[in-house]
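See structure below.
What you see is a predicted model; the values in this text were computed from it and never measured.
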Amino acid sequence: MTTRGFPEGFAWGVATSAYQIEGSTAADGRGTSIWDTFAHTPGRVLNGENGDVANDHYTRYAEDVALMASLGVGAYRFSLSWPRIMPGGTVNQGGLDFYRRLADTLLEAGITPYATLYHWDLPQELEDAGGWPARDTAYRFADYAAVVREALGDRVKHWFTVNEPWCSAFLGYASGDHAPGLRSPELAVRAAHHLLLAHGLAAPVLREGDGLAGAAPNLYAVSPASDSELDLDAARRIDGLQNRFFLDALLRGSYPEDVVRDLAPFGFEDVVQAGDMELIGGPIDFLGVNYYSRHTVSAESDGGVVATSPFASASPWPGASHVSFVHGGRPVTDMGWEVDPGGLHEILTRVAKEYPSVPLYITENGAAYVDTVVDGEIDDHERLSYIEAHLAACHDAIADGVPLKGYFAWSFMDNFEWGWGYGKRFGLVHVDYETQKRTPKSSARWYGQISRQNGLP
Ligand SMILES: N=[N+]=NCCCCNC(=O)[C@@H]1[C@H]2[C@H](O)[C@@H](O)[C@H](O)[C@@H](CO)[C@@H]12
């Protein structure tokens, strides 16, 4: 019974990424990625875990697609492994064949494929040549996009260029929490621009013919801890670095002046070259929004950071290291992230109101909670409630005029949670890593029902 229906054709999906689920990291010509290197570096990932096997999705993809179909979801957002497709800069048909098989299996099951080209697994040889701080990497990404478009464009029509460029740039090159694990704000600001330039160069390639493309930034609602001038400025800085830097560039083709000013001490002025912003702000068919939580910030001096790995990190906030993240008094998930569905409504209505109109997808939303298996069943009511509350916020946003076209739950199944390894479970489907057994949690069955009826009770 649906009392809160969603628009006809709304895409109900689940999402994953290559390094987090595929495994088979040396199969069929795959090259090394920066996450292979990072995860195999002692002290970088909790318990020394890595993606060598992960969910063994590379060999079990048909089983996983059948499970998706049985649940009733209609769309699947996955990522392509750049080092599987272009190891050493050369086209690897063995890697492309896997994604041809995966796309064909999805289409046969009536599931629409949405492919992300970059979900953090940069080929190691490109990192060795300078990584995202090096401008040339953006041009290598455009070459990769052309190969992908040519090989898979007959099967895949929906493309996301880069996933969460904020994470790749600031967790990868400033805090060191993510691969390649560097701690240089100067490199991070260069990486942020070149990830957006990569998007700007690749989007026109992916949009040729009947291709549709966008990017998938991670956006947060941001609140000051108080209405003091210092806290208001702290919130401005974090909102600028986290949200407006990416939204302004992608949707207006310019960077916010206050953020450019805050980043000037790190050499940001020298990174942007003539023509870059026209490319970055070029036409897209939709924008993905990854939303998880709200930041509540105060102007403390401890440079507090919402941890993304269990190891000590530097600040991922160049120009705002004096900021501290405070608890807003809301329930938190197993990641320590506050549950705030109102923040999703806030972000969606803000993008719709303040930026040029563009169709939106929720490309990631979900929650990690500790799951307990009882008699082979997992009753993950907290995760189900989290998703239900955020879907209600989506429904309200649509009613308020937001052109929201779909929602992808993060994640289809438990997977490798970056610096935390396998201990943080986001999946609608439970994975027993000893046996690779998949078990739908109560949230999976519930979400499949919502998908089939295209609405909430
Ligand atoms: N300071 N600080 N900040 C902490 C912010 C970390 C933000 N992490 C994400 O948004 C990642 C996104 C990713 O696409 C997916 O691959 C991850 O599995 C999920 C769950 O973690 C989310």
Pairwise side-chain contact, Ile398 with Pro7, heavy-atom cut-off 4.5 Å (strictly under): yes
Within 45° cone of Tyr355 ring axis and under 6.0 Å: Arg252 NZ or CZ: yes
Ile34 and Tyr19, any side-chain heavy atoms less than 4.5 Å apart: no
Parallel, tilted or perpendicular: rings of Tyr291 and His390 (30°, 60°): tilted
Parallel, tilted or perpendicular, as decided by the 30° and 60° cut-offs, for the rings of Phe268 and Tyr255: perpendicular
Short N-O contact, Arg261 and Asp258, less than 4.0 angstrom: no
Distance, nearest 0.5 Å, that separates OG1 of Thr112 from CG of Leu107: 7.5 Å
Distance in Å, Gln273 CD paired with Leu197 CG, rounded so as to fall on 0.5 Å steps: 8.5 Å
Carboxylate-amine/guanidinium contact Glu22 Arg30, below 4.0 Å: no
Arg383 with Asp334: basic N within carboxylate O range, under 4.0 Å: no
Plane angle bin for Phe6 and Trp12 - parallel if under 30°, tilted between 30 and 60°, otherwise perpendicular: perpendicular
Value rounded to 0.5 Å, distance of NE2 in His119 from OG in Ser81: 12.0 Å
Distance (rounded to the nearest 0.5 Å) between Ser168 OG and Leu122 CG: 8.5 Å
Pair Asp239-Arg236, salt bridge (charged side-chain N to carboxylate O under 4.0 Å, His left out): steps then yes or no: CA-CA 5 Å; Asp239 179 56; Arg236 174 196 63 77; over 6 Å; no
Note: Asp285-Lys405 ion pair, threshold 4.0 Å (strictly below): no
Parallel, tilted or perpendicular: rings of Phe141 and Tyr144 (30°, 60°): perpendicular
Heavy-atom donor-acceptor pair, Ser79 side chain to Ala18 backbone, under 3.5 Å: yes
Asn218 versus Tyr292, side-chain donor and acceptor atoms under 3.5 Å: no
Any donor-acceptor N or O pair under 3.5 Å, side chains Asp400, His345: yes
Residue pair Asp262, Leu241: steps toward the side-chain contact (heavy atoms from CB on, under 4.5 Å) verdict: CA-CA 9 Å; Asp262 291 341; Leu241 280 166; over 6 Å; no
Test item: Ser70 side-chain N/O and Leu67 main-chain N/O as donor-acceptor pair under 3.5 Å: yes
Asp28 backbone acceptor or donor facing Asn92 side chain under 3.5 Å: yes
Sidechain-backbone polar pair: Arg425 side chain, Val431 backbone, donor-acceptor under 3.5 Å: yes
Backbone N/O of Glu49 and side chain of Asn47: donor-acceptor pair under 3.5 Å: no
Backbone N/O of Gly131 and side chain of Thr137: donor-acceptor pair under 3.5 Å: yes
Check: Thr90 side chain, Pro87 main-chain N or O, donor-acceptor pair, under 3.5 Å: yes
Arg140 bridged to Asp143 by N-O distance under 4.0 Å: yes
Check: Tyr447 main-chain N/O paired with Ser451 side-chain donor or acceptor under 3.5 Å: no
Distance in Å, Arg207 CZ paired with Leu212 CG, rounded so as to fall on 0.5 Å steps: 7.5 Å
Result of checking Trp82, Trp418, Tyr118 against Trp35 for ring-ring contact (aromatic ring centres under 6.0 Å, His included): Trp418
Sidechain-backbone polar pair: Asn243 side chain, Tyr220 backbone, donor-acceptor under 3.5 Å: yes
Short side-chain donor-acceptor distance under 3.5 Å, Ser33 and Asp121: no
Given Lys441, Lys424, His430, Arg438, the one that forms side chain to side chain donor-acceptor pair (under 3.5 Å) with Asp414: Lys441
Side-chain donor-acceptor pair present, Asn290, Glu164, cut-off under 3.5 Å: yes
Partner of Pro217 by side chain to side chain contact (heavy atoms under 4.5 Å, CB included), out of Thr363, Val289, Leu287: Leu287
Ring geometry between Phe408 and Tyr361 (parallel below 30°, tilted from 30 to 60°, perpendicular above 60°): tilted
Side-chain donor-acceptor pair present, Tyr76, Thr16, cut-off under 3.5 Å: yes
